[in-house]
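To start, the structure under review is shown below, and the notes come after it.
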Amino acid sequence: MAELVPFAVPTESDKTLLVWELSSGPTAEALHNSLFTEFSQFGLLYSVRVFPNAAVARPGFYAIIKFYSARDAHRAQKACDRKQLFQKSPVKVRLGTRHKAVQHQALALNSFQCQELANYYFGFNGWSKRIIKVSCISWKQSCQGEEEYLSDFSLEEDEFRLPKLD
């Protein structure tokens with residue numbers, strides 16, 4: 001079954017992974033790069049955010065990873081949970097939990113993110129900002145051994161522009 005991936009900031013809990021028990025050895029930036037490399041194998045990522053553990057917990061980090069696709073997030077969770085990935089000890093990976101009281105308004109992606117999403121799913125240069133409508137009408141009639149053709153072809157083209165966000 002196909003999944004609809006909207007051109008909006010992903011807010012659904014089934015697109016969000018919580019990763020914890022990340023080592024305290026590397027820097028937050030190094031962990032960010034490692035997590036991005038590891039989890040982007042499963043699909044296009046909206047964001048990877050790395051945070052230090054709370055002062056009451058043992059030293060280390062946790063991360064929140066957002067996918068555009070719930071299917072990709074689910075596959076990543078299944079494949080990466082309790083695996084060593086890029087460090088000596090295994091990490092824990094869980095899908096986000098839903099809070100019914102919280103309603104999120106869909107926020108539009110910026111133009112770079114829209115292009116990144118389109119390139120990922122449609123292929124680089126496999127899409128256009130132009131909307132093209134092509135219509136072709138043809139008719140063929142045979143009269144007394146002669147063929148008569150009527151054909152009408154039209155092409156309309158408009159440039160699609162994303163609204164500017166202030």
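Treat the numbers as computed from the prediction; the structure is a model and nothing was measured. For the numbers below, each heavy atom of this structure counts, side chains included, while hydrogens, waters and symmetry mates do not.
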To the nearest 0.5 angstrom, please state how far the [atom1] atom of [X] sits from the [atom2] atom of [Y].
{"X": "Asn119", "Y": "Leu44", "atom1": "CG", "atom2": "CG", "value": "9.5 Å"}
{"X": "Leu18", "Y": "Ile64", "atom1": "CG", "atom2": "CD1", "value": "6.0 Å"}
{"X": "Tyr62", "Y": "Leu22", "atom1": "OH", "atom2": "CG", "value": "11.0 Å"}
{"X": "Thr16", "Y": "Gln77", "atom1": "OG1", "atom2": "CD", "value": "12.5 Å"}
{"X": "Leu45", "Y": "Phe39", "atom1": "CG", "atom2": "CZ", "value": "9.0 Å"}

Margin query: Check for me, please, whether Tyr68 and Ile65 land in the same ILVMFWY cluster - side-chain distances under 4.5 Å, paths through other members count.
Written below: no
Side-chain touch [X]/[Y], heavy atoms, less than 4.5 angstrom:
{"X": "Phe42", "Y": "Cys80", "result": "yes"}
{"X": "Asp81", "Y": "Lys92", "result": "yes"}
{"X": "Leu109", "Y": "Tyr46", "result": "yes"}

At their closest point, which heavy atom of [X] faces which heavy atom of [Y], and how far apart are they?
{"X": "Cys114", "Y": "Phe7", "result": "O-CE2, 3.4 Å"}
{"X": "Gly43", "Y": "Asp72", "result": "CA-OD2, 3.4 Å"}
{"X": "Ala28", "Y": "Phe61", "result": "CB-CE2, 3.9 Å"}
{"X": "Glu3", "Y": "Ser69", "result": "OE1-OG, 2.6 Å"}

Next item on the list: Go through the steps for Gln87 and Ser23 under the test side chain to side chain donor-acceptor pair (under 3.5 Å), then give the verdict.
Entry: CA-CA 7 Å; Gln87 61 183 34; Ser23 174; 4.7 Å; no
Next item on the list: State whether Glu21 and Arg82 are salt-bridged, where the test is any N-O pair (Lys NZ or Arg NE/NH1/NH2 against Asp/Glu carboxylate O) under 4.0 Å.
Entry: no
